[in-house]
Structures are given as structure tokens and as C-alpha cells.
Amino acid sequence: MVRVSREPFPIFALPSEFSFAWYRPGCEAWWHDIQHRADKLTPITSELFHQSFGEASAELPRRQCFLLDVNGQPIGTATAWLGLRQNGEVWGRLHWVAIVPEFQRRGLAKPLLSVVCERMRALHPERSFLRTAAERPAAIRLYLKFGFVPEMRTDAERELWSAILARIDQDQGKGTGALGEV
Ligand SMILES: CC(C)(COP(=O)(O)OP(=O)(O)OC[C@H]1O[C@@H](n2cnc3c(N)ncnc32)[C@H](O)[C@@H]1OP(=O)(O)O)[C@@H](O)C(=O)NCCC(=O)NCCS
């Protein structure tokens, strides 16, 4: 999904008992724990953090954000990362968004994304993208709310997206079955 715009992202306020923290050395363990608890589709291996962020790890303190509960425990994360597009341009990349299951559906991903997407806009003012999967209808709904739109460059992508969007409309985000990466 892509967003090509200089307009601000939607702002959702964080309830006062929660707080944000930006990456500092050692937060890899937080990130791994959150992804492991939240992500039922991707095997969260011990190498994944390094595979995802290792090449530009010096960027993490200003790009990777954690959501903390009232006790200061990490319960969510998202990263205002960067990525190379097919045309050779570097765009902002919203990367590895997750909220642990106990805190899902409480409106917490929205303030997390407000902060992280605004950081991404500050670093990459015009263009950003993300990768997701058809089996993640909750995430796709969230991204649509933040102005990301399906990227449809081929007939196959058009067909896939039309199935995804129809199913999201139909089942209110309780998707089943395999449609593939988008
Ligand atoms: C996607 C995810 C981050 C959403 O976090 P969350 O805190 O539950 O989301 P919120 O409560 O802030 O909801 C934000 C929006 O997402 C959508 N949404 C979230 N959960 C949903 C669900 N179970 N069904 C349908 N829509 C859902 C809704 O549009 C919602 O907005 P609304 O409440 O105004 O309708 C969370 O479900 C998650 O961590 N999933 C596993 C990891 C994952 O798939 N990450 C995305 C990788 S691309």
C-alpha cells in the first residue's frame, strides 16, 4: 500500500495511562517479545530484527517507537523505516506494526500510528509505503484509515485487491483463507 501526499496523517490522542518510548540499545528484546505475541502469521525468528533493521540500525532511535502500558511494559511497536522502491527512490516505509493481543481492539494502534507516521512524514515528506498480507484485514483497515491505498500496478494486483477489499467489506475484518502478499 502507498501514500503519496504531503498532508498530515490523522491524529489520535493516546489515553493518559499509556506512553511512548523510542528505541534505545536493548529494545530488540521488547520488539521480539511484542512481535512474537502479536503476529500469528510470520515466524518471529531471533534473526528477524537484524534482518529487518540491521543495515541501518543507527537510524533506529529516531524511527522505532514502542507503546508502553501503565507499568511501563512494552505492548506495541511500529517503525518509521525507509525502503528502496523499484524505480530506485527511497521512500518512507511503515514497518512491523504490532499490538499484543491483550491490548488489541482498544484503539491503541491509532495513536501509535499517528506518532510514527508523522515521524515518517518528517523524514520522508511525500511518499511512503508498506507491505502487508491479505490475511491481515485488521491491519489493512487500519492502514486505509491512515490514507494508504492499495498499489495496483498489474491486472493480478487489481484482482487481488478487489478480492481483499470485498472480503474486508463483507466480513468486517475476520478474513480467512489465503490470498497472498500485497
Ligand atoms: C493490526 C493491529 C496492529 C491493530 O491494532 P489494534 O490496537 O487492535 O487496532 P485499533 O484498536 O487501534 O484499531 C484501529 C483500526 O484497525 C481496524 N481493526 C483493528 N482490529 C480489527 C479487527 N479485529 N477487525 C476489524 N478491524 C480491525 C479498525 O479499522 C480499527 O479502527 P476502528 O476501531 O475505528 O474501526 C493488531 O491487530 C495486530 O498487532 N495484529 C497482528 C500483527 C499484524 O498483523 N500487524 C500488521 C502487519 S502488516
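When every heavy atom of Leu112 is checked against every heavy atom of Gly76, the shortest pair comes out as CD2-C, 4.3 Å. Counting all heavy atoms, side chain and backbone alike, Arg141 lies closest to Ile168 at NH2-O, 3.1 Å. Across Trp30 and Ala21, no two heavy atoms sit closer than the pair CZ3-CB, 4.4 Å. In this structure, Pro74 and Ile34 approach most closely via the heavy-atom pair CB-CD1, 3.9 Å. Scanning all heavy atoms of the two residues, the minimum distance from Pro61 to Ser57 falls at CD-O, 4.0 Å.
Both cation-pi conditions hold for Arg119 and Trp22: the charged atom is under 6.0 angstrom from the six-membered ring centre and inside a 45 degree cone around its axis. For the pair Arg3 and Phe9, the cation-pi criterion (under 6.0 Å, within 45° of the ring axis) is fulfilled.
Side-chain contact between Phe18 and Leu68: absent, with no pair of heavy atoms (C-beta onward) separated by less than 4.5 Å. Side-chain contact between Pro15 and Leu108: present, with at least one pair of heavy atoms (C-beta onward) separated by less than 4.5 Å. Side-chain contact check for Gln35 versus Thr42: every heavy-atom pair is 4.5 Å or farther apart. For the pair Ser162 and Glu159, the minimum side-chain heavy-atom distance is 4.5 Å or more. In this structure, Val90 and Arg85 have side chains that are not in contact, with every pair of non-hydrogen atoms separated by 4.5 Å or more. Using a 4.5 Å cut-off on side-chain heavy atoms (C-beta onward), Trp81 and Glu59 make contact. Looking only at side-chain heavy atoms (C-beta outward), Pro150 and Ile164 stay at 4.5 Å or farther from each other. At a threshold of 4.5 Å between non-hydrogen side-chain atoms, the residues Trp161 and Ile140 count as touching.
In this structure, the separation between CD on Glu126 and CD on Glu7 is 11.0 Å, given to the nearest 0.5 Å. Here the OG1-CD distance, from Thr132 to Glu135, works out to 9.0 Å after rounding to the nearest 0.5 Å. Atoms CE and CG, on Met1 and Leu130 in that order, are 6.0 Å from each other to the nearest 0.5 Å. Here Ile11 contributes atom CD1 and Cys117 contributes atom SG; the two are 9.5 Å apart, rounded to the nearest 0.5 Å. If you take CG on Asp155 and CG on Leu160, they are separated by 12.5 Å, rounding to the nearest 0.5 Å. Taking CZ of Arg6 as the start and CZ of Arg127 as the end, the distance is 9.0 Å to the nearest 0.5 Å.
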Report all side-chain donor-acceptor pairs from residues 92-104 shorter than 3.5 Å, counting only partners two or more places apart or in another chain.
residue	atom	partner	partner atom	Å
Trp96	NE1	Ser52	OG	3.0
Glu102	OE2	Arg37	NH2	2.8
Gln104	NE2	Ile99	O	2.7

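A donor-acceptor contact shorter than 3.5 Å links the side chain of Asn87 to the backbone of Glu89. Of the possible donor and acceptor atoms, one in the side chain of Thr77 sits under 3.5 Å from a partner among the backbone N and O of Cys65.
The side chain to side chain donor-acceptor pair (under 3.5 Å) search around Arg153 returns Glu151, Glu157, not counting sequence neighbours. In this structure, the ring pair (Phe, Tyr, Trp, His ring centres under 6.0 Å) partners of Phe49, at least two apart in sequence or on a different chain, are Trp31, Phe53. For Arg121, the side chain to side chain donor-acceptor pair (under 3.5 Å) test picks out Glu118, with sequence neighbours left out.
Residue His32 qualifies as enclosed at atom NE2: its count of foreign heavy atoms under 6.0 Å is above 12. Heavy atoms from other residues, nucleotides or ligands lying under 6.0 Å from CZ of Arg62 number more than 12. Heavy-atom contacts from other residues, nucleotides or ligands closer than 6.0 Å to CD of Glu17 number more than 12.
Through chains of ILVMFWY side-chain contacts below 4.5 Å, Val4 is grouped with Val2, Trp91, Phe129, Val149. Membership of an apolar cluster is not assigned to Val70, as no side-chain contact below 4.5 Å to another ILVMFWY residue is traced.
Using a 4.0 Å cut-off between a side-chain N of Lys or Arg and a carboxylate O of Asp or Glu, Arg136 and Asp39 qualify as a salt bridge.
When hydrophobic clusters are built by joining Ile, Leu, Val, Met, Phe, Trp and Tyr residues whose side-chain heavy atoms come closer than 4.5 Å, directly or via intermediates, Met120 is grouped together with Leu84. A continuous path of hydrophobic side-chain contacts links Phe20 to Ile75 [ILVMFWY only; heavy atoms under 4.5 Å]. Residues Tyr23 and Leu82 share a hydrophobic cluster, clusters being chains of Ile/Leu/Val/Met/Phe/Trp/Tyr side chains in contact below 4.5 Å.
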TODO: Take Leu14 and Leu67 through the test side-chain contact (heavy atoms from CB on, under 4.5 Å) and record every step on the way to the result.
DONE: CA-CA 10 Å; Leu14 185 66; Leu67 177 63; 3.6 Å; yes
Open item on the list: The test is side-chain contact (heavy atoms from CB on, under 4.5 Å); show your working for Leu113 and Tyr143 and say whether it passes.
Closed with: CA-CA 9 Å; Leu113 252 58; Tyr143 301 143; 4.1 Å; yes
